[in-house]
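These numbers come from the heavy atoms of this one structure, side chains and all, not from hydrogens, waters or symmetry mates. Note that the structure is predicted; figures quoted are calculated from it, not measured.
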Amino acid sequence: QGFMQKSVRSPVLISCLLAATMLSVILSPVMTQNSILEGSMDNSRSDEFSSWTISPTTGPHTGGTSLTLTTTGLSSYFEESNWENFTIDSSADVGKFSSIVADSNGELHISYRDSTNGHLKYASNAGGTWTSYPIDNGGGYIGRYTSIDVDSNDKVHISYGNLNSWDLKYATNVAGSWSRSTIDDGGTGQAGMYSSLVIDSNDLIHVSYWGRSFDLKYATKSASGGTWADEIVQWGYMTGEWTSIALDSNDKPFFSHCDETYDRLEIGYKSGSSWTTPTVDSGSSGEIDNGTSIAIDSNDAKHIVYYDDDNGDLKYADFNTQSNLWQNTILDSSGDVGKYPSIEIDSQDNLHVAYYDNGNQKLKYAYHNGTSWDISTLDESGGMHPSLTIDSNDNIYISYYDDTNSNLKMIQHIVNSNDPLGEVQVEFAGYGNVTATVLDDEIMTFVSPPGNIDGEVVNLAIWLENGSKIDLPVSFEYDTY
């Protein structure tokens, strides 16, 4: 088991050019790489920010005055927030078929398979540290194709496969302790593979899955209890593989899935009272298999990522509302990439995709900022079965299987944190330095040291950890005794 702890960023060296008394800082926007500001800084007044304000401006010579320094751009003193990864469970061969969700408190919940013991396992940091344990220890082929979500009370709901008996199973802690039941026993056929679970605004659970005679099926139940109701969305041939479910603003479900008979990507939804499954990608350029994922943005536009098995490409499809046609593009074709993709959308309708680099056993990540895609590698030791979630602050979390070490891992990108950015030293000329806490991009706080009993106006400066000094255009006045 791993322990996840948020770290406070330490100051780094700032890139700068000196020209007389003007200091300009050159920052390069970076998304998934460390942004380390390099250069040097001498003792010169800093005009790099629009303005500096100190409050209060005066205080007693005995010191102890609580001061607030306000400006803009303080985050440039520190390393940009970056990806950090953690080993969550290394107890056995664990982590395949992972699924992750963030609850309303930003706490994380992961379902995954223990391949060594044939268990469905669950991990969470809801208690402050990561804990993990089995919630179905039936052995054999338990715990494949897991999917997890939380209801409005932050109770956990998991669908998963019991391929010993070809059942689609369900586990929840809604009553306090964990309970397990069957969603679909397969009837005269089979169930349990390719499940995808989501809970709507009314706490209704929606599950899409592959069942019966290789059909796309759909089941619902209230999160608080009751029985499962299921129906067939598409039947008659091998369909419903690698299904993924998403809800629009009206809680209407849409399913992306592979049609194995025709090797194509389809989307399923209800039109009136009947199900329809139009083709998104006919697969004319290659077989569609080994993963689809769908997400719906704030405008109810649908976005699907999927794997072109024949060509080894990650592909992306969205619906063009002007032409009323799906448009498909190759997102990543660098080698054999794109298996098991997972897509989510942040509060700004930007797209985030985690996927597996099959040829190199790496975890990759694609980000679309509304204009263009950026692609990066997040972990070179593995990345199978990634699952991506975004919390209410747009922080990004990805659970995945580390192929090299056979562990469950999680990687995070904290873009909006309530933690302070870090600390710097503030010099009161002639009276030493005090430690200032940089709360955010605009505010730092500190306490004045003892000063001159006869009163004095004192110049201030900031010292960074690397020894760089920034003279400030504000001062502090000690009152006369």
When Ile199 is tested against each of Val101, Asp151, Leu204, Val150 for side chain to side chain contact (heavy atoms under 4.5 Å, CB included), which residue passes?
Asp151
Keeping the roles fixed (side chain from Lys339, backbone from Val337), state whether a donor-acceptor pair exists under 3.5 Å.
no
Judged by atom type as modelled, is there a donor-acceptor pair below 3.5 Å linking the side chain of Thr437 to the main-chain atoms of Thr445?
no
Side chain to side chain contact (heavy atoms under 4.5 Å, CB included) assessment of Asn328 paired with Tyr306:
CA-CA 10 Å; Asn328 313 300; Tyr306 56 103; 3.5 Å; yes
Counting only heavy atoms not in Phe319 (residues, nucleotides, ligands), do more than 12 fall under 6.0 Å from its CZ?
yes
If you compare all heavy atoms of Gly240 against all heavy atoms of Trp210, which two are closest, and at what distance to 0.1 Å?
O-CB, 3.5 Å
Between Thr404 (side chain) and Gly382 (backbone), is there a donor-acceptor pair under 3.5 Å?
no
Ile158 and Trp178: CA distance, side-chain angles, deciding distance, side chain to side chain contact (heavy atoms under 4.5 Å, CB included) verdict
CA-CA 11 Å; Ile158 302 170; Trp178 287 96; 4.1 Å; yes
Asp281 vs Trp326, test: side-chain hydrogen bond (donor to acceptor under 3.5 Å, both in side chains). Steps then yes/no.
CA-CA 8 Å; Asp281 188 331; Trp326 284 93; over 6 Å; no
Distance (rounded to the nearest 0.5 Å) between Ile142 CD1 and Ser115 OG:
12.5 Å
Take the angle between the ring planes of His157 and Tyr170 and call it parallel below 30°, perpendicular above 60°, tilted in between.
parallel
Calculate, to the nearest 0.5 Å, the distance between atoms CE and OH belonging to Met444 and Tyr77 respectively.
5.5 Å
Determine whether a donor-acceptor pair (N or O, by modelled atom type, separation under 3.5 Å) exists between the side chain of Asp200 and the backbone of Asn202.
yes
Lys409 and Asp379: CA distance, side-chain angles, deciding distance, salt bridge (charged side-chain N to carboxylate O under 4.0 Å, His left out) verdict:
CA-CA 10 Å; Lys409 295 180 76 173; Asp379 192 331; 2.8 Å; yes
Salt bridge (charged side-chain N to carboxylate O under 4.0 Å, His left out): which pairs involve residues 113-133, sequence neighbours left out?
Asp89-Lys121
Scanning both residues in full, the closest heavy-atom pair of Pro386 with Ser342 reads O-CB, 3.7 Å
Between Tyr307 and Trp242, is the ring centre distance below 6.0 Å?
no
Donor-acceptor contact present, side-chain Asn85 to main-chain Met410, <3.5 Å:
no
Of all the heavy-atom pairs spanning Ile183 and Ser159, show the shortest one and how long it is.
CD1-CB, 4.1 Å
Any salt bridge linking Lys364 with Asp332? Criterion: basic side-chain nitrogen under 4.0 Å from a carboxylate oxygen.
yes
Heavy-atom nearest pair, Ile296 first then Ile345, reads C-CD1, 3.6 Å
Tell me, yes or no, whether the heavy-atom count around Gln327 atom CD, taken from other residues, nucleotides or ligands under 6.0 Å, exceeds 12.
yes
Tell me, do Lys96 and Tyr340 make a side-chain contact under 4.5 Å, heavy atoms counted?
no
Donor-acceptor under 3.5 Å (Ser244 side chain, Ile294 main chain)
yes
Ser196 and Thr243: which non-hydrogen atoms are nearest, and at how many Å?
CB-O, 3.7 Å
Answer with yes or no after comparing the ring centroid distance for Trp130 and Phe86 against a 6.0 Å cut-off, counting only values under it.
no
Is a side-chain N or O of Asp248 found less than 3.5 angstrom from the main chain of Asp251, in a donor-acceptor match?
yes
Less than 4.5 Å apart, any side-chain heavy atom of Asn117 and any of Pro134?
no
Beyond-backbone contact of Tyr145 with Tyr209, side-chain heavy atoms, under 4.5 angstrom
no
Give a yes or no on whether the backbone of Gly138 and the side-chain of Asp136 come within a donor-acceptor separation of less than 3.5 Å.
yes
Considering all heavy atoms, the nearest Ile288-Gly283 contact
CG1-CA, 4.2 Å
In this structure, CD1 of Ile110 is separated from OH of Tyr112 (nearest 0.5 Å) by 7.5 Å
Could you check Asp203 against Ser222 for side chain to side chain contact (heavy atoms under 4.5 Å, CB included), going step by step and ending with a plain yes or no?
CA-CA 6 Å; Asp203 276 347; Ser222 170; 5.6 Å; no
When the ring planes of Tyr218 and Trp275 are compared, do they come out parallel, tilted or perpendicular, using 30° and 60° as the limits?
perpendicular
If we ignore hydrogens and angles and just use 3.5 Å, is the side chain of Ser381 paired with the main-chain N or O of Asp402 as donor and acceptor?
no
Taking the side chain as every heavy atom from C-beta outward, state whether Ile398 and Ile100 have any pair of such atoms under 4.5 Å apart.
no
Quick one: pull up CD in Glu380 and CG in Asp357 and give me the separation to the nearest 0.5 Å.
9.5 Å
Side-chain heavy atoms of Asn405 within contact of Ser90, under 4.5 Å:
no
Is any side-chain heavy atom of His303 closer than 4.5 Å to a side-chain heavy atom of His368?
no
Interatomic spacing from NZ in Lys217 to CG in Asp230 - rounded to 0.5 Å:
4.0 Å
Under 3.5 Å, is there a donor-acceptor pair between the Asp441 and Ser75 side chains?
yes
Decide yes or no for Thr389 and Asp391: does some side-chain heavy atom of the first lie under 4.5 Å from some side-chain heavy atom of the second?
no
I want to check something: taking the side chain as every heavy atom from C-beta on, are Ile135 and Asn173 in contact at a cut-off of under 4.5 Å?
no
Distance-only polar pair, side chains of Asn358 and Asp336, donor-acceptor under 3.5 Å:
yes
Test side chain to side chain contact (heavy atoms under 4.5 Å, CB included) on Ser256 and Val280 and set out the steps.
CA-CA 9 Å; Ser256 62; Val280 175; over 6 Å; no
is_close_aromatic(Trp373, Tyr316), centroid dist under 6.0 Å:
yes
Gap between atom NZ of Lys315 and atom CG of Leu331 - 0.5 Å precision
11.0 Å
For Asp403, the salt bridge (charged side-chain N to carboxylate O under 4.0 Å, His left out) test, sequence neighbours excluded, returns none
Paired with Tyr365, the ring-ring contact (aromatic ring centres under 6.0 Å, His included) test is passed by just one of Trp83, Tyr397, Tyr355, namely Trp83
Is it the case that the side chain of Lys252 and the backbone of Lys270 share a donor-acceptor pair, with hydrogens and angles ignored and the cut-off at 3.5 Å?
yes
